[in-house]
Amino acid sequence: MPELPEVETICRGLRPRLTGRKLESVQILERRLRIAVDARLAPAIEGRRITGVGRRAKFILLFLDSNTTWIFHLGMSGKLVHVDPATPRQKHDHIIATLDSGYQLRYHDPRRFGLSVLAASDAIAELPQLARLGPDPFDPRFDGAYLYNACRKSERRVRDLLLDQRVIAGIGNIYANEILCRAGVRPATRSRRLSRDQVERIARQTIEVLREAIRWCGTSVSDYRDADDRRGEFQDHLRVYDREGETCRFCPSRIKRVSLGNRSAYYCPACQR
DNA sequence: CGGTGGACCTGCTGGC
DNA sequence: TGCCAGCAGGTCCACC
């Protein structure tokens with residue numbers, strides 16, 4: 001589900017509601033996530049105060065006042081919402097934290113592909129899940145020259161290269177397809193064969209599309225919701241993703257869908273060459 | 001090392 | 001109406 005713009009939107013919603021709040025109690029209702037939730041997680045953070053909310057790629061970081069950071073990844077179907085405790089509990093609510101504001105933070109994840117772990121705040125980057133991430137798209141290290149170098153070293157299709165979190169961190173299948181559409185490049189193109197000019201366009205559009213999607217509070221094609229359980233609006237601006245058979249917004253062609261590996265790729269056969 | 005395909009889960013949709 | 005196949009926004013691991 002959530003790619004960088006969705007996770008950023010959630011963080012922006014949580015920040016003013018969580019910063020400065022104390023975790024009165026933490027209940028783990030289901031430990032079987034992608035990585036089993038440590039039984040010692042709740043006692044380790046109960047009574048601690050949240051000093052800030054951050055994001056790295058698709059990871060949500062809740063900084064606590066004990067040199068501890070509480071880290072979430074939402075996988076495909078995760079939500080992290082700030083709700084009134086009277087809100088009926090949902091099936092697949094796996095973690096519930098009650099704050100000294102009286103509100104609750106609830107982690108909900110039907111497919112359980114997400115994770116929730118603790119790390120020492122001064123050693124977050126060493127966590128196995130974070131250690132191998134490449135730069136975020138907004139990191140000054142990410143630019144056309146960086147991406148061109150990565151493209152030349154790989155035999156993969158460019159859609160798959162954009163999904164590789166070690167190359168760029170934060171892009172998922174929706175935005176990989178949208179970026180390539182705007183850059184005028186077909187998703188199945190081998191990254192090695194791209195011209196410098198094409199790669200420059202991809203790098204520029206990466207930043208542009210993600211910025212725009214954040215402005216629209218993310219994409220809700222089905223179940224993505226922000227920290228207040230509201231939908232995003234970028235689905236109304238998608239040019240190719242999930243639009244198989246529909247008319248291109250810029251020419252009379254119909255959007256095509258192909259399977260690359262096990263995942264769908266979408267493109268306009270006329271606008272993308 | 002690099003690339004690919006399947007596994008991990010639940011839920012929804014569309015075709016018959 | 002019911003059933004089943006196929007698909008879903010992510011990552012990881014075994015295998016070549």
Side-chain angles (χ1 to χ4, degrees), chain A residues 1-10 29-37 55-60 71-80 90-94 107-117 127-134 137 149-181 187-193 209-210 213-214 216-226 231-245 257-266:
Chain A
M1 161 180 78
E3 307 180 31
L4 188 152
E6 290 74 38
V7 175
E8 177 63 24
T9 301
I10 290 166
L29 306 171
E30 172 60 81
R31 295 177 49 193
R32 296 173 302 164
L33 304 186
R34 182 154 63 79
I35 297 175
V37 180
R55 176 187 63 74
R56 169 74 168 105
K58 302 174 193 173
F59 291 84
I60 296 167
I71 300 173
F72 291 88
H73 191 291
L74 304 180
M76 290 274 258
S77 56
K79 292 190 213 177
L80 197 56
Q90 309 278 317
K91 187 178 181 184
H92 305 302
D93 279 352
H94 302 321
Y107 175 74
H108 175 271
D109 185 5
R111 295 177 74 179
R112 309 204 314 267
F113 286 172
L115 61 85
S116 172
V117 296
L127 259 197
Q129 291 78 27
L130 298 182
R132 305 178 66 189
L133 292 177
N149 186 43
C151 282
R152 293 190 47 172
K153 287 192 296 199
S154 175
E155 292 298 332
R156 278 182 301 171
R157 302 179 188 279
V158 60
R159 196 286 309 264
D160 294 330
L161 186 96
L162 291 179
L163 290 179
D164 188 338
Q165 304 297 299
R166 293 168 302 181
V167 177
I168 324 169
I171 299 173
N173 203 29
I174 295 178
Y175 296 109
N177 281 282
E178 293 299 310
I179 289 161
L180 292 170
C181 171
T189 311
R190 300 280 169 185
S191 69
R192 258 209 92 86
R193 309 203 51 200
V209 169
L210 296 177
I214 291 170
W216 289 104
C217 298
T219 302
S220 295
V221 292
S222 62
D223 56 6
Y224 160 70
R225 297 293 183 274
D226 72 8
R231 298 168 63 84
E233 294 182 34
F234 195 68
Q235 62 277 11
D236 301 333
H237 303 267
L238 296 175
R239 297 187 184 182
V240 288
Y241 183 82
D242 203 26
R243 298 195 66 232
E244 181 184 17
R257 182 180 78 87
V258 292
S259 273
L260 297 188
N262 287 328
R263 321 192 65 190
S264 295
Y266 301 85

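Proteins come first, then strands; the chains are lettered A, B, ... in the order of their sequence lines, and each starts at number 1.
For B:dC9 and C:dA14, the P atoms lie 16 Å apart once the distance is rounded to whole Å.
Side-chain N/O atoms of A:Arg111 and base N/O atoms of C:dA8 include a donor-acceptor pair closer than 3.5 Å.
For the OP1/OP2 pair of C:dA8 and a distance below 4.0 Å, the side-chain nitrogens and oxygens of A:Ser77 include no atom meeting the criterion. Residue A:Gln165 places no side-chain N or O under 4.0 Å from the OP1 or OP2 atom of C:dG10.
In this structure, CZ of A:Arg166 is placed 16 Å from P of C:dG10, rounded to the nearest angstrom. For the pair A:Asp223 CG and C:dC7 C1', the interatomic distance rounds to 13 Å; values are reported in whole Å. Look at CG on A:Leu133: it is 9 Å from P on C:dC12, rounded to the nearest Å. At whole-Å resolution of the value, CD1 in A:Ile35 and P in C:dG10 are 17 Å apart. Per the geometry, CG belonging to A:Leu115 stands 14 Å off P belonging to C:dG10, to the nearest Å. A straight line from CG of A:Asn262 to P of C:dC12 spans 17 Å, rounded to a whole angstrom. Protein atom CZ of A:Arg34 is 7 Å distant from nucleotide atom C1' of C:dC12, rounded to whole Å. The nearest whole Å value for the distance from the CG atom in A:Leu163 to the C1' atom in C:dT11 is 11 Å.
For A:Asn173, the side-chain hydrogen bond (donor to acceptor under 3.5 Å, both in side chains) partners at least two apart in sequence or on another chain are A:Arg159, A:Asn177. In terms of the salt bridge (Lys or Arg N to Asp or Glu O under 4.0 Å) criterion, residue partners of A:Glu244 (sequence neighbours excluded) are, by chain and number, A:Arg257. Among residues two or more places apart in sequence or in another chain, the salt bridge (Lys or Arg N to Asp or Glu O under 4.0 Å) test is passed with A:Arg112 by none. Looking at residues two or more places apart in sequence or on another chain, you find a side-chain hydrogen bond (donor to acceptor under 3.5 Å, both in side chains) between A:Asp164 and A:Arg156, A:Arg166. Under the salt bridge (Lys or Arg N to Asp or Glu O under 4.0 Å) criterion, A:Arg34 pairs with no residue at all, not counting sequence neighbours. Residues passing the ring pair (Phe, Tyr, Trp, His ring centres under 6.0 Å) test with A:Tyr241, sequence neighbours excluded: A:Tyr266. Partners of A:Asp109 according to the salt bridge (Lys or Arg N to Asp or Glu O under 4.0 Å) rule, which considers only residues two or more places apart in sequence or in another chain, do not exist here.
Rounding to the nearest 0.5 Å places CZ of A:Phe59 at 10.0 Å from CG of A:Leu74. Rounded to the nearest 0.5 angstrom, A:Ser191 OG and A:Lys153 NZ are separated by 11.0 Å. The distance from the SG atom of A:Cys217 to the CZ atom of A:Arg231 is 13.0 Å, given to the nearest 0.5 Å.
Between A:Gly261 and A:Phe113, the one whose closest nucleotide on DNA chain B sits nearer the 5' end is A:Gly261.
Heavy atoms of A:Tyr241 sit under 4.0 angstrom from primed sugar atoms or phosphate atoms, though from no base atom. Among the heavy atoms of the strands lying under 4.0 Å from A:Asn173 are primed sugar atoms or P, OP1, OP2 only; no base atom is included. Within the nucleic acid shown, A:Arg157 has no heavy atom closer than 4.0 Å to any nucleic acid atom.
Here chain A contacts DNA chain B (any atom closer than 4.0 Å to a heavy atom, that is under 4.0 Å), and the contacts span B:dG3 to B:dG11 from 5' to 3'.
Stem analysis of DNA chain B (Watson-Crick or G-U pairs, both distances under 3.5 Å, runs of at least three) returns B:2-8 with C:10-16, B:10-16 with C:2-8.
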